[in-house]
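Here it is, the structure, as structure tokens.
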Amino acid sequence: DVYAIGDMALCEPLADTDAGAMNAQVAVQAADYAAYNVWASMSGQTEMPFRYMKLGEMLAYGPTDASVDAMGLLNIRGLPGATLRR
């Protein structure tokens, strides 16, 4: 078995969804699954399929402008977004 983690690891079967995105949010979530699955593989347990949960996005447009989206429930832009992002 081969396991890959990090923001440059592509999950091809899920490439059409956000779970296939090569970014830190997916990588952090995938790391937990990869660690468990390495242990499960070595101890004869059943491995878990990766399930991605989109938690939101933070985008910086400059030192005083940003956009923060929390699970689609909260969207803050401009200076308040930049302050929250920090």
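Sequential numbering from 1 along the given sequence is applied to the chain's residues. This structure is a prediction, so every number in the text was calculated from the model and none was measured.
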Open item on the list: For G81 versus A66, what's the shortest heavy-atom pair and its separation?
Closed with: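 Looking at all heavy atoms of both residues, the shortest contact is C-CB, 3.8 Å.
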TODO: Using the rule that two of Ile, Leu, Val, Met, Phe, Trp, Tyr join whenever any of their side-chain heavy atoms come within less than 4.5 Å, decide whether Y61 and L84 are in one cluster.
DONE: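 Shared cluster, no.
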TODO: Check whether any side-chain heavy atom of M53 sits under 4.5 Å from a side-chain heavy atom of Q29, and report yes or no.
DONE: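 Yes, side chains in contact.
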Open item on the list: Measuring only between side-chain heavy atoms, which start at C-beta, is V68 closer than 4.5 Å to E57?
Closed with: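 They are not in contact (no side-chain heavy atoms under 4.5 Å apart), so the answer is no.
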Open item on the list: Could you check whether any side-chain N or O of R77 sits under 3.5 Å from a backbone N or O of D65, counting only pairs where one atom can act as donor and the other as acceptor?
Closed with: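 Absent.
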TODO: Tell me whether L59 is reachable from V28 by hopping between hydrophobic residues (I, L, V, M, F, W, Y) whose side-chain heavy atoms are closer than 4.5 Å.
DONE: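 No, V28 and L59 fall in different hydrophobic clusters.
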TODO: Would you indicate whether the side-chain heavy atoms of F50 and N37 approach each other to under 4.5 Å?
DONE: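 In short, these two side chains do not touch, never coming nearer than 4.5 Å.
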- [ ] For Q25 and G56, indicate whether the former's side chain and the latter's backbone hold a donor-acceptor pair under 3.5 Å.
- [x]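 Pair found, side chain donor or acceptor close to backbone of G56.
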Open item on the list: How close do M48 and Y33 get, counting heavy atoms only, and between which atoms?
Closed with: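 Closest approach of M48 to Y33, heavy atoms only: CE-CE2, 3.5 Å.
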Open item on the list: Side-chain heavy atoms nearer than 4.5 Å, only ILVMFWY residues, links allowed to pass through others: does that put M58 and L74 together?
Closed with: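 Yes, same cluster.
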TODO: Return yes if a side-chain donor-acceptor contact under 3.5 Å exists between E47 and Y36, otherwise no.
DONE: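 Side chains of E47 and Y36: no pair found under 3.5 Å.
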- [ ] Please report the C-alpha distance between I76 and S67 in whole Å, then the side-chain angles of each, then the deciding distance to 0.1 Å, and finally whether the side chain to side chain contact (heavy atoms under 4.5 Å, CB included) criterion is met.
- [x] CA-CA 6 Å; I76 301 174; S67 175; over 6 Å; no
